[in-house]
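In what follows, a single structure is set out as structure tokens and then discussed.
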Amino acid sequence: MQAGFGNSTTIRSMLRIAGFECEEVLDPERLQDFSHLILPGVGHWSRGSRLLSNGGWSAAIKELAGNQVPILGVCLGMQLLGLGSEEGEGSGLSLIDMETRLVGQDARTTNVGWKRIMGSQGTEIAIKNGPYYFTHSFAVSASGRPFEVAHVQEQEEIVAVVNSANVWGAQFHPERSNSNGSDFLRAFVEGTLR
Amino acid sequence: MGRLAATVVLFDELSFITRKYRQSIYAGEPSNITRIFSDLWADELFVINVSPDSGEAIAETLGRISSQTFIPITYGGNVNSLEKAESIARLGFEKILLETALTENPDLARQIATSLGSSSLIASFSFMGEDWFSWRDKKPLDQNLLLDILEQVQSLGAGEIKVNAIQRDGGLAGPDLALVKRLKERIHVPLVYQGGVSSLVDARRLWDLGVDCVAASSWFMVRPPHDAILVSFPKWGGRI
């Protein structure tokens with residue numbers, strides 16, 4: 001989907017090369033036509049939250065989630081699956097009971113670069129450990145809750161992957177994580193992330 | 001070990017190797033080059049447009065680069081409005097680089113950081129020797145303003161700072177370590193350095209100084225002794 005704040009271009013390109021048909025959807029009412037939804041996200045929380053609610057996306061996405069359609073939120077898209085963020089105003093989709101906070105001391109701190117991930121709570125994960133490319137100043141903080149699938153290997157307080165039923169989130173950018181990202185997207189579409 | 005990035009410089013829609021940021025050797029169609037860097041697992045790419053246009057004319061080239069490159073990409077060049085920054089972001093570029101706007105329209109940094117997020121904004125500073133320099137106007141800037149602008153742009157939300165040593169550009173004679181040491185104390189966000197980097201030894205020296213990302217162009221694209229264009233990227237450190 002494209003609500004005005006994410007890199008759908010490269011995600012689509014990556015999916016097509018992997019052999020999947022995909023489309024950029026600009027109208028929330030069309031979401032029900034699809035088997036999977038990817039919610040890309042770059043930018044400021046407030047703007048993302050506002051575009052989701054003003055554009056009529058929130059209700060449509062929640063309905064999709066209720067219908068067990070697999071949903072993947074990327075970067076800001078992952079954060080918007082939650083309740084709210086320290087970064088700004090407006091609520092998220094509340095599909096996962098999580099909050100987004102500052103990564104470091106202030107909003108200037110950026111977690112940027114290629115990082116490996118590891119399973120949370122000592123669990124093995126089906127997802128490759130990477131590396132994946134991260135670039136963000138806000139994140140979901142690790143707290144040991146069941147929806148936290150993986151965190152950044154050398155920064156264990158930063159949650160990298162979340163999952164609750166059919167809803168997934170990745171803090172990194174699979175569309176910029178080269179073949180690791182492409183494998184991750186393929187696993188999401190094929191249902192093999194768990 | 002930090003990040004290692006390739007920089008591709010565009011004059012209009014074509015890629016050129018530069019020497020002191022002047023057009024030097026034609027390097028080819030940009031999206032072919034960026035695709036190779038992506039296939040070779042470069043950590044990221046800087047696409048710097050030094051043409052005097054605003055990027056609209058090369059939107060198609062940038063779109064091609066974005067859809068064929070699966071590593072992080074940054075765009076810089078004539079970004080002088082929020083609309084331009086947002087349109088570049090919509091093409092798929094993760095980060096926007098600002099340089100001339102830092103002095104001509106300082107509030108633009110705040111606008112871009114607010115709209116796209118701090119992690120999407122890189123503030124770029126070029127130096128000719130020790131002097132802060134406008135490579136567009138080919139003359140030094142007001143040195144008294146440098147530290148203020150450096151501090152200001154970080155407080156306005158720049159997620160990274162890029163430092164370019166113009167004197168070293170294209171020379172493959174090693175980086176300006178003194179410049180990095182001088183500026184590092186004033187920089188609280190990840191630092192990107194470019195200029196003269198010719199080897200992993202050079203890169204390691206910079207990473208050891210606290211530089212987060214080392215960027216180079218000639219090292220990855222030019223082969224002596226006849227300056228042939230050959231795009232390559234080092235395999236290193238369990239990267240893949």
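Since the model is a prediction, treat every value here as computed from it, not as a measurement. Lettering follows sequence order; numbering is per chain, from 1.
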Self-check item: Pick from B:L116, B:I71, B:I73 with the largest number of heavy-atom pairs that fall under 4.5 Å of chain A
Solution: B:I71
Practice problem: Mind ranking B:T114, B:D39, B:L91, B:L121 by heavy-atom pairs under 4.5 Å with chain A and telling me who comes out on top? | Solution: B:T114
Quiz item: Taking the six-membered ring for Trp, is the centroid-to-centroid distance between A:F134 and A:F172 below 6.0 Å?
Solution: yes
Self-check item: Shortest non-hydrogen separation from A:V74 to A:P174 and the atoms involved
Solution: CG1-CD, 3.7 Å
Exercise. Please look at A:S177 and chain B and tell me whether the side chain, the backbone, both or neither of the residue comes under 4.5 angstrom of a heavy atom of that chain.
Key: backbone
Exercise. Please determine, by modelled atom types, if A:S53 and A:S58 share a side-chain donor-acceptor pair under 3.5 angstrom.
Key: no
Under 3.5 Å donor-acceptor pairs involving side-chain atoms of residues 186-193 of chain A, not counting sequence neighbours:
{"from": "A:R186", "atom 1": "NH1", "to": "A:D183", "atom 2": "OD1", "distance (Å)": "3.3"}

Quiz prompt | Contact origin within B:S120 toward chain A - heavy atom pairs under 4.5 Å | solution = side chain
Quiz item: Who pairs with B:D202 by salt bridge (Lys or Arg N to Asp or Glu O under 4.0 Å), at least two apart in sequence or on another chain?
Solution: B:R205
Quiz item: Relative to chain A, which segment of B:I112 carries a heavy atom at a distance below 4.5 Å: side chain, backbone, both, or neither?
Solution: neither
Quiz item: Are A:S49 and A:E89 linked by a side-chain donor-acceptor pair shorter than 3.5 Å?
Solution: no
Self-check item: Residue, of A:N178, A:V112, A:T9, A:I17, that accumulates the most heavy atom pairs under 4.5 Å with chain B
Solution: A:N178
Quiz prompt | Pick from B:G117, B:A89, B:A113, B:S66 with the largest number of heavy-atom pairs that fall under 4.5 Å of chain A | solution = B:S66
